[in-house]
Amino acid sequence: MNELKEQRLKKLNELSDLGIRPFGGRFDRRDTAADCHDGYLEGKEVTAAGRLTAIRGHGKTSFCDLRDSSGKIQLYIRKDSIGEEAFAVIKLLDLGDIVGAEGTLFTTHKGEISILVSKLTLLSKALQPLPEKWHGLKDREIRYRKRYLDLIVNEDVRNLFRKRSRIIREIRRFLEERGFLEVETPMMQVIPGGAAARPFETFYTALNSKMYFRIAPELYLKRLLVGGFEKVYELNRNFRNEGLSRKHNPEFTMLEIYEAYGDCRTMMELVEALVTEVAEASDCGLRIEHGENVVDLKRPWRRVKYRDLICEYMKDPDWFSQTPAEMVASAADLELDISDQMLPGEITHEIYEKCIEPGLIQPTFVLDLPAELVPLAKSREDDSSLVDVFELVVNGSELAPGYSELNDPIEQRQRFQAQEDRSDQAGEGGKIDEEFQIGRASCRVRV
RNA sequence: GGGGGUGUAGCUCAGUUGGCAGAGCAACGGCCUUUUAAGCCGUGGGUCGAGGGUUCGAGUCCCUCCGCCCUCACCA
């Protein structure tokens, strides 16, 4: 383990003895690897820079792969082109070193565009060996803990980073075009609200006060609506002190959008447009392959009532008039962890989450959820047991909820109280935010 | 927390009924002026995740612990 590094340190000293600075400074790179390919002209003078990712020595010549953020360009180094002394330096180069290369473009016999190097400048010596060139870095533990290695070695990971950046940019543009104001609200809160989740705690010495990392921006965004902004959104980090898995990260980015005077349907149309337009604008396309599933984002998306999904799945139009015991009996084949001690809504939702939602692969708006599942949404006027809410399900998991927001402060106060009572029982330490007693018209969506 | 899997060279991985610790790439030395997973000859490199046990002998079998992955439960 030390041997490989010692060998590189030895080369470092040899380079210094030759009067070469192993860690250079500014280098006026004029051409990227992509420029060399796209603007190819035989004999064109170019100056490129990047990391050596392959070295194929050939006696008095050497072929190297030089990789920069735009791609890869091959260097062809000849002893008779750069001189004996400079060629001796080439022998001290390692995979992973960062170099600058000046020379002229040409095409090899095998048809690869390359730089015939006239001058090579060492910009940064790599003291750690890189992972293997062919099999790459597969150990997931190391890939996540040493992201820089993952990025150096795995092209698809670099492209994933680029794609994410582009999607974020297109989301902002989409919302900007529709008159939404981007805001940043407090990430450290005295009362962590807007969701049911365990928060991370911290301490603000100057105020001698315990603070929480936010679990959602919701309550502050609503304050902006109270203040008179009619279309606002925030696209930023939230923190939840919970388990982590491939699907859940304790710190994650969430988009939350509010629009005054609208309702749940306003938000449905907005989300549908946002996802499809951003997918196209960022070159992701409307056909998304994910494992075995192919998701087709083409509009319009399916809209279906929660009740209809349940009744259809259970093949029972009268499901909701059954007693818990009858429900458990009907669902006996589903191998669920349910009992007749549970509330009808809990049994039903267990069936929804375990059996129905995972099967909703194509984008689906599930509408008219039972009120007990969603504490801060407006009830439907025609049925107070339902709330005017959608949940967007794609590829078997919930992607975004959308609400007609509850704007009755008296009712909301009661629901906050109920929520606090529940979270006290659950040990989550929820607190009531008392500022929501001012009139407000809004709906929102969270992605 | 339950169940399953996994941990061996810098990287990717073999390792048979328990019998000298292996390969490819990377590294080091040598040859090679159009290669591209370059090629050829040679060399070095290991706390086999950790600890204990069985055995003449353990990478291999047994026990305990640790890391990671998958899955169930919990949790949005």
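These figures come from a predicted structure and were not determined experimentally. Below, chains carry the letters A, B, ... as their sequence lines are ordered, and counting in each starts from 1.
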B:U64 to B:G5 separation - P atoms, rounded to the nearest Å:
15 Å
If we ignore hydrogens and angles and just use 3.5 Å, is the side chain of A:R67 paired with the main-chain N or O of A:K72 as donor and acceptor?
no
Please report, rounded to the nearest Å, how far the P atom of B:A76 is from the CG atom of A:N238.
15 Å
Can you tell me if A:D97 uses its side chain to pair, donor with acceptor, with the backbone of A:K125 under 3.5 Å?
no
For A:F239 and B:C75, what is the distance between atoms CZ and P respectively, to the nearest whole Å?
24 Å
Look at the side-chain N and O atoms of A:K110 and state whether any lies under 4.0 Å from the OP1 or OP2 oxygen of B:U34.
no
Nearest-Å distance for atom pair OH/P, residues A:Y148 and B:C11:
12 Å
A:F106 side chain, from C-beta outward: closest of B:U34, B:U36, B:A76:
B:U34
Quick check on contacts: within residues 72-79 of chain A, what sits under 4.0 Å from RNA chain B by heavy-atom distance?
A:Q74, A:Y76, A:R78
Ranking A:R56 and A:L95 by the position along RNA chain B of their nearest nucleotide, the one closer to 5' is A:L95
For B:C11 versus B:G53, give the span between their C1' atoms, rounded off to a whole number of Å.
34 Å
Pairwise P distance, B:G42 and B:A23 [rounded to whole Å]:
13 Å
Give me the distance, rounded to whole Å, that separates B:U47 from B:C74 when you measure between the P atoms they each carry.
44 Å
Applying a 3.5 Å limit to both distances, which nucleotide forms a Watson-Crick or G-U wobble pair with B:G22?
B:C13
Looking at A:Y306 versus A:Y352, is the centre-to-centre ring distance below 6.0 Å?
yes
Given B:C11, B:A76, B:U36, identify the nucleotide with an atom nearest to the side chain of A:R240.
B:A76
Check whether A:F180 forms a cation-pi arrangement with A:K231 (NZ or CZ under 6.0 Å from the six-membered ring centre, at most 45° off the ring normal).
yes
note: A:E256, atom CD; B:A76, atom C1'; distance rounded to Å ~ 14 Å
Could you tell me the Watson-Crick or G-U partner of B:C65, where both distances fall under 3.5 Å? Say none if there is no partner.
B:G49
Check: A:F106 ring centroid to A:Y76 ring centroid under 6.0 Å
yes
Are there over 12 heavy-atom neighbours, none belonging to A:R164, within less than 6.0 Å of that residue's CZ?
no
Spell out, as yes or no, whether a donor-acceptor pair under 3.5 Å connects the side chain of A:Q128 to the backbone of A:G96.
no
B:A50 and B:A58: how far apart are their P atoms, nearest whole angstrom?
15 Å
Tell me which pairs pass side-chain hydrogen bond (donor to acceptor under 3.5 Å, both in side chains) where either residue lies in residues 10-20 of chain A, with sequence neighbours left out.
A:K11-A:D94
For the residue pair A:R158 and A:F161, would you count it as a cation-pi contact if the rule is NZ or CZ under 6.0 angstrom from the ring centre and within 45 degrees of the ring axis?
no
So, applying salt bridge (Lys or Arg N to Asp or Glu O under 4.0 Å) with A:D368, which one of A:R265, A:R307, A:R380 is it?
A:R380
Over how many whole Å does the gap from A:L137 atom CG to B:U12 atom P extend?
6 Å
Where each residue is assigned the nucleotide of RNA chain B containing its nearest heavy atom, which of A:H109 and A:P131 is assigned the position nearer the 5′ end?
A:P131
Pick the P atom in B:C62 and in B:U54, then give their distance to the nearest Å.
15 Å
Measuring from atom CG of A:L116 to atom CG of A:L75, what distance do you get when rounded to the nearest 0.5 angstrom?
10.0 Å
Heteroatom pairs (N/O) under 3.5 angstrom, protein to nucleotides 28-32 of chain B:
unit_1 : atom_1 : unit_2 : atom_2 : d
B:C28  : OP1    : A:K11  : NZ     : 2.3
B:C28  : O4'    : A:Q7   : NE2    : 3.4
B:C32  : N3     : A:G59  : N      : 3.0
B:C32  : N4     : A:G59  : N      : 3.1

Has the side chain of A:T61 got a donor or acceptor that lies under 3.5 Å from a partner of the other kind on the base of B:U34?
no
Provide, to the nearest angstrom, the distance between the CD atom belonging to A:E350 and the P atom belonging to B:C75.
10 Å
Roughly how far apart, to the nearest Å, are B:G4 and B:C63 at atom P?
12 Å
A:E391 side chain, from C-beta outward: closest of B:U34, B:A76, B:U35:
B:A76
How many Å lie between CG on A:L52 and P on B:U36, as a whole number?
18 Å
Nearest-Å distance once atom P is located in both B:C13 and B:A9
11 Å
Classify the nucleic acid contact of A:D80 as base, sugar-phosphate or nothing, counting any heavy atom under 4.0 Å across all strands shown.
base
For A:R198 and B:C75, what is the distance between atoms CZ and C1' respectively, to the nearest whole Å?
8 Å
Counting only Watson-Crick or G-U wobble pairs whose two distances fall under 3.5 Å, which nucleotide matches B:G42?
B:C28
